[in-house]
Amino acid sequence: MRRIGLLAAVVAACLSVPALAEEPDRTVSGEIVGADNQSYKAIPFDVPEGVERITVRLTYDRQNKTVIDLGVFDPQRFRGWSGGTRDRFTLSESDASPGYLPGALPAGRWHVQFGVPNARPDSRSAYRLDIFFDRGEARNATAAIADPPVKAAPGWYRGDLHMHDAHSDGGCASQSGKRVPCPLYRTVEAAAGRGLDFIAVTDHNTVSHFGGLRELQPAFDRMLLIPGTEITTFHGHANIFGPARWVDFRVGTPGVPTIGAVEAAVQKAGAILSINHPSHPSGEICMGCGWTWPDTDWSKVSAIEVVNGFNAEGPLSGLGYWYARLNEGKRLAGIGGSDNHDATAGPDKAPIGRPTTVVHARELSQAGIVDGIRAGNVFIDVEGTRDRLLEVTASSDKATAAMGESLRAAGVVRVQARVQGVTAGTLRLIVRGEERERRELGSGEAEFALPRGTACGWISVNVGSSEGRLLLIGNPVYVTCK
Ligand SMILES: [Zn+2]
Ligand SMILES: [Zn+2]
(Lines give C-alpha, C1' and ligand atoms only; values in the text may rest on other atoms or scores of the structure.)
(Ligands and ions follow the chains in the order given, each with its own letter.)
Protein backbone atom coordinates (compact mmCIF):
# COMPACT_ATOMS: atom_id res chain seq x y z
CA MET A 1 0.00 0.00 0.00
CA ARG A 2 2.73 2.39 1.03
CA ARG A 3 4.71 1.60 -2.12
CA ILE A 4 1.76 2.51 -4.36
CA GLY A 5 1.24 5.73 -2.42
CA LEU A 6 4.88 6.66 -2.91
CA LEU A 7 4.70 5.88 -6.62
CA ALA A 8 1.61 8.02 -7.03
CA ALA A 9 3.41 10.85 -5.27
CA VAL A 10 6.43 10.44 -7.57
CA VAL A 11 4.16 10.48 -10.65
CA ALA A 12 2.37 13.59 -9.43
CA ALA A 13 5.66 15.33 -8.68
CA CYS A 14 7.43 14.41 -11.94
CA LEU A 15 4.66 14.84 -14.47
CA SER A 16 2.26 17.55 -15.37
CA VAL A 17 -0.91 15.55 -14.94
CA PRO A 18 -3.92 17.25 -16.55
CA ALA A 19 -6.81 17.89 -14.19
CA LEU A 20 -9.28 15.04 -14.22
CA ALA A 21 -12.81 15.85 -15.27
CA GLU A 22 -14.03 13.09 -12.96
CA GLU A 23 -12.58 10.51 -10.65
CA PRO A 24 -11.38 7.44 -12.54
CA ASP A 25 -13.18 4.15 -11.91
CA ARG A 26 -9.87 2.31 -11.78
CA THR A 27 -6.34 3.48 -11.17
CA VAL A 28 -3.35 1.21 -11.66
CA SER A 29 0.13 2.40 -10.73
CA GLY A 30 3.46 0.71 -11.22
CA GLU A 31 7.02 1.06 -12.43
CA ILE A 32 8.92 0.33 -15.60
CA VAL A 33 12.51 -0.70 -14.77
CA GLY A 34 15.58 -1.47 -16.84
CA ALA A 35 14.74 -5.19 -16.93
CA ASP A 36 11.51 -4.35 -18.81
CA ASN A 37 13.46 -3.07 -21.83
CA GLN A 38 12.11 -4.51 -25.10
CA SER A 39 9.37 -6.56 -23.47
CA TYR A 40 5.58 -6.57 -23.33
CA LYS A 41 3.62 -6.14 -20.12
CA ALA A 42 -0.09 -6.84 -19.76
CA ILE A 43 -1.78 -4.70 -17.11
CA PRO A 44 -5.10 -6.33 -16.15
CA PHE A 45 -8.24 -4.44 -15.20
CA ASP A 46 -11.78 -5.69 -14.64
CA VAL A 47 -14.73 -4.26 -16.54
CA PRO A 48 -18.13 -4.68 -14.86
CA GLU A 49 -21.42 -5.35 -16.67
CA GLY A 50 -23.16 -2.44 -18.34
CA VAL A 51 -20.14 -0.36 -19.31
CA GLU A 52 -20.76 1.61 -22.53
CA ARG A 53 -17.43 3.37 -22.94
CA ILE A 54 -13.93 2.75 -21.67
CA THR A 55 -11.45 5.60 -21.61
CA VAL A 56 -7.84 5.00 -20.58
CA ARG A 57 -5.25 7.63 -19.77
CA LEU A 58 -1.57 6.86 -19.23
CA THR A 59 0.86 9.13 -17.45
CA TYR A 60 4.46 8.16 -16.86
CA ASP A 61 7.89 9.49 -16.09
CA ARG A 62 9.71 10.09 -19.36
CA GLN A 63 12.73 11.83 -17.90
CA ASN A 64 15.14 8.93 -18.36
CA LYS A 65 13.98 8.24 -21.93
CA THR A 66 11.67 5.39 -20.97
CA VAL A 67 9.06 4.83 -23.69
CA ILE A 68 5.75 3.01 -23.17
CA ASP A 69 3.73 1.86 -26.18
CA LEU A 70 0.00 1.52 -25.50
CA GLY A 71 -2.73 -0.87 -26.62
CA VAL A 72 -5.64 -2.88 -25.22
CA PHE A 73 -7.17 -6.37 -25.37
CA ASP A 74 -10.68 -7.34 -24.24
CA PRO A 75 -11.25 -10.77 -22.61
CA GLN A 76 -11.26 -12.42 -26.06
CA ARG A 77 -9.47 -10.28 -28.59
CA PHE A 78 -7.30 -7.39 -29.70
CA ARG A 79 -9.06 -4.01 -29.46
CA GLY A 80 -6.44 -1.49 -30.51
CA TRP A 81 -2.91 -0.15 -30.49
CA SER A 82 -1.48 3.35 -30.60
CA GLY A 83 2.18 2.71 -29.78
CA GLY A 84 3.93 5.71 -28.30
CA THR A 85 1.71 8.15 -30.20
CA ARG A 86 -1.09 8.59 -27.68
CA ASP A 87 -1.37 8.81 -23.94
CA ARG A 88 -5.11 8.15 -24.00
CA PHE A 89 -7.72 6.27 -25.93
CA THR A 90 -11.44 5.64 -25.75
CA LEU A 91 -13.71 2.97 -27.17
CA SER A 92 -17.44 2.34 -27.16
CA GLU A 93 -20.01 0.48 -29.24
CA SER A 94 -20.22 3.33 -31.74
CA ASP A 95 -16.75 4.82 -31.98
CA ALA A 96 -13.18 4.65 -30.85
CA SER A 97 -9.97 6.63 -30.97
CA PRO A 98 -8.09 6.09 -34.24
CA GLY A 99 -6.14 2.85 -33.86
CA TYR A 100 -8.86 1.27 -31.68
CA LEU A 101 -11.84 -0.90 -32.58
CA PRO A 102 -15.37 0.10 -31.56
CA GLY A 103 -17.83 -2.62 -30.60
CA ALA A 104 -19.38 -4.42 -27.66
CA LEU A 105 -17.50 -4.03 -24.39
CA PRO A 106 -17.73 -7.43 -22.70
CA ALA A 107 -17.50 -7.57 -18.93
CA GLY A 108 -14.52 -9.41 -17.53
CA ARG A 109 -10.76 -9.14 -17.43
CA TRP A 110 -9.28 -6.75 -19.96
CA HIS A 111 -5.59 -5.89 -20.36
CA VAL A 112 -3.93 -2.65 -21.17
CA GLN A 113 -1.00 -3.82 -23.28
CA PHE A 114 2.32 -2.09 -22.78
CA GLY A 115 5.28 -2.46 -25.07
CA VAL A 116 8.57 -1.09 -23.77
CA PRO A 117 10.86 -0.22 -26.70
CA ASN A 118 13.26 1.58 -24.40
CA ALA A 119 14.18 1.49 -20.70
CA ARG A 120 17.74 2.27 -19.68
CA PRO A 121 19.51 -0.45 -17.62
CA ASP A 122 19.27 1.21 -14.19
CA SER A 123 16.19 3.33 -14.80
CA ARG A 124 12.96 3.34 -12.80
CA SER A 125 9.94 5.10 -14.30
CA ALA A 126 6.66 5.38 -12.43
CA TYR A 127 3.47 5.10 -14.45
CA ARG A 128 -0.21 5.48 -13.73
CA LEU A 129 -3.23 4.31 -15.69
CA ASP A 130 -6.53 6.08 -15.06
CA ILE A 131 -9.46 4.09 -16.41
CA PHE A 132 -12.91 5.66 -16.79
CA PHE A 133 -16.19 3.85 -17.43
CA ASP A 134 -19.31 5.46 -18.89
CA ARG A 135 -22.46 3.73 -17.69
CA GLY A 136 -26.09 4.73 -18.08
CA GLU A 137 -26.24 8.46 -17.52
CA ALA A 138 -22.72 8.75 -16.09
CA ARG A 139 -20.43 10.15 -18.76
CA ASN A 140 -16.85 11.29 -18.60
CA ALA A 141 -15.69 14.53 -20.16
CA THR A 142 -12.45 12.68 -20.92
CA ALA A 143 -14.31 10.82 -23.68
CA ALA A 144 -15.50 13.94 -25.49
CA ILE A 145 -14.62 14.17 -29.17
CA ALA A 146 -13.07 17.59 -28.51
CA ASP A 147 -11.19 17.32 -25.25
CA PRO A 148 -10.52 19.96 -23.94
CA PRO A 149 -12.99 22.61 -25.28
CA VAL A 150 -12.06 24.18 -28.62
CA LYS A 151 -12.35 27.59 -26.93
CA ALA A 152 -12.72 28.11 -23.21
CA ALA A 153 -14.24 31.60 -23.28
CA PRO A 154 -17.97 32.50 -23.21
CA GLY A 155 -19.32 34.16 -26.35
CA TRP A 156 -21.41 33.92 -29.50
CA TYR A 157 -20.53 30.84 -31.54
CA ARG A 158 -21.69 30.26 -35.12
CA GLY A 159 -22.57 26.85 -36.47
CA ASP A 160 -24.63 24.58 -38.68
CA LEU A 161 -26.67 21.89 -36.94
CA HIS A 162 -27.84 19.69 -39.82
CA MET A 163 -25.88 17.88 -42.57
CA HIS A 164 -25.33 14.50 -44.19
CA ASP A 165 -22.40 12.64 -45.71
CA ALA A 166 -21.51 9.10 -46.85
CA HIS A 167 -22.77 7.68 -43.56
CA SER A 168 -26.32 8.32 -44.81
CA ASP A 169 -27.48 9.92 -48.05
CA GLY A 170 -24.87 12.61 -48.67
CA GLY A 171 -23.37 12.37 -52.13
CA CYS A 172 -20.80 14.20 -54.26
CA ALA A 173 -18.66 13.77 -57.35
CA SER A 174 -15.91 11.14 -57.44
CA GLN A 175 -12.53 11.60 -59.20
CA SER A 176 -14.13 10.57 -62.48
CA GLY A 177 -17.25 12.66 -61.93
CA LYS A 178 -19.59 9.87 -60.79
CA ARG A 179 -21.96 10.63 -57.92
CA VAL A 180 -20.73 8.66 -54.92
CA PRO A 181 -21.34 8.63 -51.16
CA CYS A 182 -19.58 11.81 -50.04
CA PRO A 183 -16.77 11.20 -47.54
CA LEU A 184 -17.17 12.84 -44.15
CA TYR A 185 -13.94 14.84 -44.46
CA ARG A 186 -15.35 16.86 -47.36
CA THR A 187 -18.27 17.95 -45.18
CA VAL A 188 -15.94 18.94 -42.36
CA GLU A 189 -13.55 20.71 -44.73
CA ALA A 190 -16.38 22.66 -46.36
CA ALA A 191 -17.68 23.74 -42.95
CA ALA A 192 -14.21 24.89 -41.91
CA GLY A 193 -13.98 26.84 -45.18
CA ARG A 194 -17.15 28.69 -44.19
CA GLY A 195 -15.45 29.83 -41.00
CA LEU A 196 -17.92 28.08 -38.68
CA ASP A 197 -17.19 27.55 -35.01
CA PHE A 198 -19.14 24.29 -34.78
CA ILE A 199 -21.10 21.77 -36.81
CA ALA A 200 -23.34 18.87 -35.90
CA VAL A 201 -23.12 16.02 -38.40
CA THR A 202 -26.53 14.34 -38.37
CA ASP A 203 -26.62 11.21 -40.49
CA HIS A 204 -29.94 9.37 -40.59
CA ASN A 205 -30.58 6.91 -37.74
CA THR A 206 -26.93 5.93 -37.32
CA VAL A 207 -23.85 6.69 -35.26
CA SER A 208 -21.28 5.21 -37.65
CA HIS A 209 -19.83 8.67 -38.40
CA PHE A 210 -18.87 9.33 -34.78
CA GLY A 211 -15.52 7.55 -35.19
CA GLY A 212 -14.71 9.65 -38.25
CA LEU A 213 -15.48 12.82 -36.30
CA ARG A 214 -13.10 11.62 -33.61
CA GLU A 215 -10.39 11.17 -36.22
CA LEU A 216 -10.99 14.58 -37.85
CA GLN A 217 -11.39 16.72 -34.73
CA PRO A 218 -7.67 17.16 -33.92
CA ALA A 219 -6.99 18.39 -37.46
CA PHE A 220 -9.87 20.90 -37.26
CA ASP A 221 -8.88 22.42 -33.96
CA ARG A 222 -10.73 25.69 -34.46
CA MET A 223 -14.11 24.06 -35.12
CA LEU A 224 -16.08 21.88 -32.75
CA LEU A 225 -17.45 18.65 -34.25
CA ILE A 226 -20.67 17.57 -32.54
CA PRO A 227 -21.89 14.02 -33.08
CA GLY A 228 -25.54 14.05 -34.09
CA THR A 229 -28.19 11.80 -35.57
CA GLU A 230 -31.27 12.64 -37.60
CA ILE A 231 -33.95 10.32 -36.25
CA THR A 232 -36.07 9.59 -39.31
CA THR A 233 -39.52 8.20 -38.49
CA PHE A 234 -42.64 7.70 -40.61
CA HIS A 235 -44.24 10.79 -39.00
CA GLY A 236 -41.41 13.22 -38.66
CA HIS A 237 -37.67 13.82 -38.48
CA ALA A 238 -35.76 15.11 -35.48
CA ASN A 239 -32.10 15.84 -34.86
CA ILE A 240 -30.44 14.76 -31.68
CA PHE A 241 -27.23 16.44 -30.64
CA GLY A 242 -24.53 14.73 -28.59
CA PRO A 243 -26.02 11.29 -27.86
CA ALA A 244 -23.86 8.91 -25.83
CA ARG A 245 -25.23 5.95 -27.77
CA TRP A 246 -27.37 4.92 -30.72
CA VAL A 247 -31.06 5.66 -30.20
CA ASP A 248 -33.63 3.23 -31.58
CA PHE A 249 -35.81 5.07 -34.12
CA ARG A 250 -38.17 2.18 -35.00
CA VAL A 251 -41.38 3.55 -33.49
CA GLY A 252 -44.04 0.84 -33.43
CA THR A 253 -41.65 -2.04 -32.73
CA PRO A 254 -41.69 -3.76 -29.33
CA GLY A 255 -38.76 -1.83 -27.80
CA VAL A 256 -40.07 1.52 -29.04
CA PRO A 257 -43.84 1.57 -28.72
CA THR A 258 -44.31 5.34 -29.14
CA ILE A 259 -42.49 8.50 -30.18
CA GLY A 260 -42.40 9.24 -26.44
CA ALA A 261 -40.12 6.22 -25.99
CA VAL A 262 -37.71 7.70 -28.54
CA GLU A 263 -37.81 11.03 -26.73
CA ALA A 264 -37.10 9.34 -23.38
CA ALA A 265 -34.19 7.43 -24.91
CA VAL A 266 -32.74 10.66 -26.32
CA GLN A 267 -32.86 12.20 -22.88
CA LYS A 268 -31.23 9.12 -21.30
CA ALA A 269 -28.48 9.33 -23.93
CA GLY A 270 -27.66 12.84 -22.68
CA ALA A 271 -28.71 14.43 -25.97
CA ILE A 272 -31.24 17.12 -26.87
CA LEU A 273 -33.96 16.71 -29.46
CA SER A 274 -34.86 19.24 -32.15
CA ILE A 275 -37.78 18.72 -34.52
CA ASN A 276 -36.64 19.17 -38.13
CA HIS A 277 -38.41 20.94 -41.01
CA PRO A 278 -41.77 20.54 -39.23
CA SER A 279 -43.84 22.22 -41.95
CA HIS A 280 -42.60 20.09 -44.84
CA PRO A 281 -45.40 18.10 -46.42
CA SER A 282 -45.21 14.33 -45.97
CA GLY A 283 -45.70 12.22 -49.03
CA GLU A 284 -43.92 10.30 -51.71
CA ILE A 285 -41.46 13.12 -52.42
CA CYS A 286 -40.37 13.47 -48.82
CA MET A 287 -41.51 10.54 -46.70
CA GLY A 288 -42.43 11.41 -43.14
CA CYS A 289 -40.80 14.84 -43.46
CA GLY A 290 -43.41 16.96 -41.68
CA TRP A 291 -43.84 16.47 -37.92
CA THR A 292 -47.22 14.79 -37.39
CA TRP A 293 -46.78 12.72 -34.21
CA PRO A 294 -49.94 13.38 -32.17
CA ASP A 295 -48.45 12.13 -28.88
CA THR A 296 -45.26 14.23 -28.85
CA ASP A 297 -44.00 14.81 -25.31
CA TRP A 298 -43.05 18.47 -25.68
CA SER A 299 -41.29 18.54 -22.32
CA LYS A 300 -38.59 16.41 -23.98
CA VAL A 301 -38.18 18.63 -27.06
CA SER A 302 -35.57 21.39 -26.77
CA ALA A 303 -35.67 23.03 -30.19
CA ILE A 304 -37.40 23.43 -33.53
CA GLU A 305 -35.57 23.70 -36.84
CA VAL A 306 -37.23 26.94 -37.91
CA VAL A 307 -35.08 27.39 -41.03
CA ASN A 308 -34.08 24.36 -43.12
CA GLY A 309 -31.72 25.38 -45.93
CA PHE A 310 -33.20 28.18 -48.02
CA ASN A 311 -36.64 27.87 -46.38
CA ALA A 312 -36.74 30.83 -44.02
CA GLU A 313 -40.03 32.09 -45.44
CA GLY A 314 -42.87 30.66 -47.46
CA PRO A 315 -44.80 27.42 -47.01
CA LEU A 316 -41.75 25.36 -46.01
CA SER A 317 -40.63 27.75 -43.28
CA GLY A 318 -40.93 26.38 -39.74
CA LEU A 319 -41.56 29.85 -38.34
CA GLY A 320 -45.36 29.57 -38.15
CA TYR A 321 -45.16 26.08 -36.64
CA TRP A 322 -42.68 27.29 -34.01
CA TYR A 323 -44.69 30.39 -33.14
CA ALA A 324 -47.85 28.28 -32.76
CA ARG A 325 -46.06 25.98 -30.27
CA LEU A 326 -44.73 29.01 -28.34
CA ASN A 327 -48.28 30.38 -28.21
CA GLU A 328 -49.33 27.07 -26.64
CA GLY A 329 -46.90 27.85 -23.81
CA LYS A 330 -44.09 25.53 -24.88
CA ARG A 331 -40.52 26.68 -24.47
CA LEU A 332 -38.51 25.74 -27.53
CA ALA A 333 -35.36 27.24 -29.00
CA GLY A 334 -35.60 28.20 -32.66
CA ILE A 335 -32.57 26.99 -34.61
CA GLY A 336 -31.58 26.40 -38.23
CA GLY A 337 -29.70 23.86 -40.31
CA SER A 338 -28.56 23.63 -43.92
CA ASP A 339 -29.55 19.95 -44.29
CA ASN A 340 -26.67 19.85 -46.74
CA HIS A 341 -26.35 16.57 -48.66
CA ASP A 342 -23.40 17.58 -50.85
CA ALA A 343 -20.60 19.60 -49.30
CA THR A 344 -19.27 20.45 -52.78
CA ALA A 345 -22.58 21.44 -54.43
CA GLY A 346 -23.09 24.70 -56.29
CA PRO A 347 -25.18 27.66 -55.13
CA ASP A 348 -28.51 26.08 -56.15
CA LYS A 349 -28.33 23.91 -53.00
CA ALA A 350 -28.04 25.32 -49.48
CA PRO A 351 -24.32 25.23 -48.63
CA ILE A 352 -23.11 24.21 -45.22
CA GLY A 353 -23.56 27.24 -42.98
CA ARG A 354 -26.78 28.49 -44.61
CA PRO A 355 -28.48 29.16 -42.35
CA THR A 356 -26.09 29.60 -39.45
CA THR A 357 -27.32 29.16 -35.90
CA VAL A 358 -25.56 31.51 -33.50
CA VAL A 359 -25.48 30.31 -29.91
CA HIS A 360 -24.37 32.14 -26.81
CA ALA A 361 -22.38 29.50 -24.95
CA ARG A 362 -20.16 29.41 -21.88
CA GLU A 363 -17.45 27.74 -23.98
CA LEU A 364 -16.99 26.12 -27.38
CA SER A 365 -17.48 22.50 -26.34
CA GLN A 366 -20.18 19.93 -27.00
CA ALA A 367 -21.71 20.49 -23.56
CA GLY A 368 -21.37 24.27 -23.96
CA ILE A 369 -23.23 24.38 -27.28
CA VAL A 370 -25.90 21.84 -26.26
CA ASP A 371 -26.56 23.72 -23.01
CA GLY A 372 -26.54 27.01 -24.95
CA ILE A 373 -29.24 25.77 -27.33
CA ARG A 374 -31.26 24.53 -24.36
CA ALA A 375 -30.92 27.93 -22.67
CA GLY A 376 -32.13 29.65 -25.86
CA ASN A 377 -29.89 32.72 -26.13
CA VAL A 378 -29.73 31.92 -29.81
CA PHE A 379 -30.54 33.54 -33.16
CA ILE A 380 -30.65 32.32 -36.74
CA ASP A 381 -28.53 34.08 -39.34
CA VAL A 382 -30.69 33.18 -42.34
CA GLU A 383 -28.08 33.90 -45.01
CA GLY A 384 -25.21 32.39 -43.05
CA THR A 385 -22.92 35.41 -42.87
CA ARG A 386 -19.83 35.46 -40.71
CA ASP A 387 -20.57 38.63 -38.81
CA ARG A 388 -24.25 39.39 -38.28
CA LEU A 389 -25.22 39.67 -34.64
CA LEU A 390 -28.56 40.07 -32.86
CA GLU A 391 -28.66 40.66 -29.12
CA VAL A 392 -32.04 41.07 -27.44
CA THR A 393 -32.88 41.72 -23.82
CA ALA A 394 -36.12 42.69 -22.16
CA SER A 395 -36.41 44.47 -18.86
CA SER A 396 -39.13 45.46 -16.46
CA ASP A 397 -38.59 47.32 -13.23
CA LYS A 398 -35.15 46.09 -12.12
CA ALA A 399 -35.21 42.68 -13.83
CA THR A 400 -33.60 41.90 -17.17
CA ALA A 401 -33.82 38.76 -19.31
CA ALA A 402 -31.98 37.65 -22.43
CA MET A 403 -33.43 35.52 -25.23
CA GLY A 404 -34.55 32.17 -23.82
CA GLU A 405 -35.00 33.58 -20.31
CA SER A 406 -38.10 34.56 -18.36
CA LEU A 407 -39.07 38.06 -17.31
CA ARG A 408 -41.77 38.99 -14.84
CA ALA A 409 -43.61 42.05 -16.13
CA ALA A 410 -43.85 44.57 -13.30
CA GLY A 411 -44.98 47.56 -15.32
CA VAL A 412 -43.71 48.63 -18.74
CA VAL A 413 -41.63 46.00 -20.55
CA ARG A 414 -38.71 47.49 -22.47
CA VAL A 415 -37.16 45.48 -25.27
CA GLN A 416 -33.60 46.35 -26.26
CA ALA A 417 -32.18 45.10 -29.53
CA ARG A 418 -28.65 45.47 -30.85
CA VAL A 419 -27.74 44.47 -34.39
CA GLN A 420 -24.35 44.26 -36.07
CA GLY A 421 -23.37 43.40 -39.62
CA VAL A 422 -26.56 44.67 -41.27
CA THR A 423 -26.22 48.13 -42.80
CA ALA A 424 -29.84 48.80 -43.76
CA GLY A 425 -33.12 47.14 -42.96
CA THR A 426 -35.82 46.92 -40.34
CA LEU A 427 -36.19 45.73 -36.78
CA ARG A 428 -39.42 43.85 -36.21
CA LEU A 429 -40.86 43.47 -32.74
CA ILE A 430 -42.85 40.24 -32.47
CA VAL A 431 -45.37 39.71 -29.66
CA ARG A 432 -46.92 36.24 -29.39
CA GLY A 433 -46.08 35.57 -33.03
CA GLU A 434 -47.55 38.77 -34.46
CA GLU A 435 -45.50 41.67 -35.70
CA ARG A 436 -46.37 44.58 -33.45
CA GLU A 437 -43.94 47.24 -34.56
CA ARG A 438 -41.42 47.75 -37.36
CA ARG A 439 -38.61 50.28 -37.27
CA GLU A 440 -35.76 51.31 -39.52
CA LEU A 441 -32.54 49.73 -38.33
CA GLY A 442 -30.71 53.06 -38.06
CA SER A 443 -27.67 52.79 -35.81
CA GLY A 444 -28.46 49.15 -35.05
CA GLU A 445 -29.71 49.79 -31.53
CA ALA A 446 -33.31 50.30 -30.57
CA GLU A 447 -35.61 50.14 -27.58
CA PHE A 448 -39.30 49.27 -27.76
CA ALA A 449 -41.65 49.93 -24.85
CA LEU A 450 -44.68 47.72 -24.22
CA PRO A 451 -47.36 48.53 -21.65
CA ARG A 452 -47.53 45.78 -19.01
CA GLY A 453 -50.55 43.88 -20.25
CA THR A 454 -49.48 43.78 -23.90
CA ALA A 455 -46.20 41.89 -23.48
CA CYS A 456 -47.54 38.81 -21.68
CA GLY A 457 -46.53 35.47 -23.22
CA TRP A 458 -43.41 36.02 -25.24
CA ILE A 459 -41.69 38.65 -27.32
CA SER A 460 -38.92 38.43 -29.90
CA VAL A 461 -37.10 40.58 -32.43
CA ASN A 462 -36.37 39.74 -36.07
CA VAL A 463 -34.35 41.71 -38.60
CA GLY A 464 -35.38 42.17 -42.22
CA SER A 465 -33.51 43.57 -45.22
CA SER A 466 -34.53 46.79 -46.97
CA GLU A 467 -36.23 44.61 -49.58
CA GLY A 468 -38.17 42.78 -46.88
CA ARG A 469 -36.25 39.47 -46.70
CA LEU A 470 -35.80 37.92 -43.25
CA LEU A 471 -32.13 38.16 -42.25
CA LEU A 472 -32.02 37.39 -38.54
CA ILE A 473 -34.55 35.49 -36.41
CA GLY A 474 -34.40 36.04 -32.69
CA ASN A 475 -35.48 33.68 -29.92
CA PRO A 476 -38.20 34.59 -27.44
CA VAL A 477 -37.97 36.24 -24.07
CA TYR A 478 -40.79 34.64 -22.06
CA VAL A 479 -42.86 37.28 -20.25
CA THR A 480 -45.00 36.34 -17.27
CA CYS A 481 -47.66 38.73 -16.03
CA LYS A 482 -48.95 36.96 -12.92
ZN1 LIG B 1 -35.09 15.32 -42.57
ZN1 LIG C 1 -31.55 15.89 -42.96
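The first residue in the sequence is number 1, and the count goes up from there. Every number for a ligand or one of its atoms is a count from 1 in the order of the listing.
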Practice problem: Report the C-alpha distance between T55 and T90 in whole Å, list the side-chain angles of each, state the deciding distance to 0.1 Å, and finish with yes or no for side chain to side chain donor-acceptor pair (under 3.5 Å). | Solution: CA-CA 4 Å; T55 305; T90 186; 2.9 Å; yes
Quiz item: Near K330 NZ, under 6.0 Å, is it more than 12 heavy atoms from other residues, nucleotides or ligands?
Solution: yes
Quiz item: Is there a donor-acceptor contact under 3.5 Å from the side chain of S282 to the main chain of C289?
Solution: yes
Quiz prompt | Pair Y323 and W458, ring centroids less than 6.0 Å apart | solution = yes
Exercise. Assess R214 against F210: is NZ or CZ under 6.0 Å from the centre of the six-membered ring, and within 45 degrees of the ring's axis?
Key: no
Quiz prompt | Number of protein N, O or S atoms [distance to the Zn ion (ligand 1) under 2.8 Å] | solution = 3
Quiz item: Among H204, H237, H209, which residue meets the ring-ring contact (aromatic ring centres under 6.0 Å, His included) test with H164?
Solution: H204
Self-check item: Metal check, the Zn ion (ligand 2) vs H341 N/O/S, cut-off below 2.8 Å
Solution: no
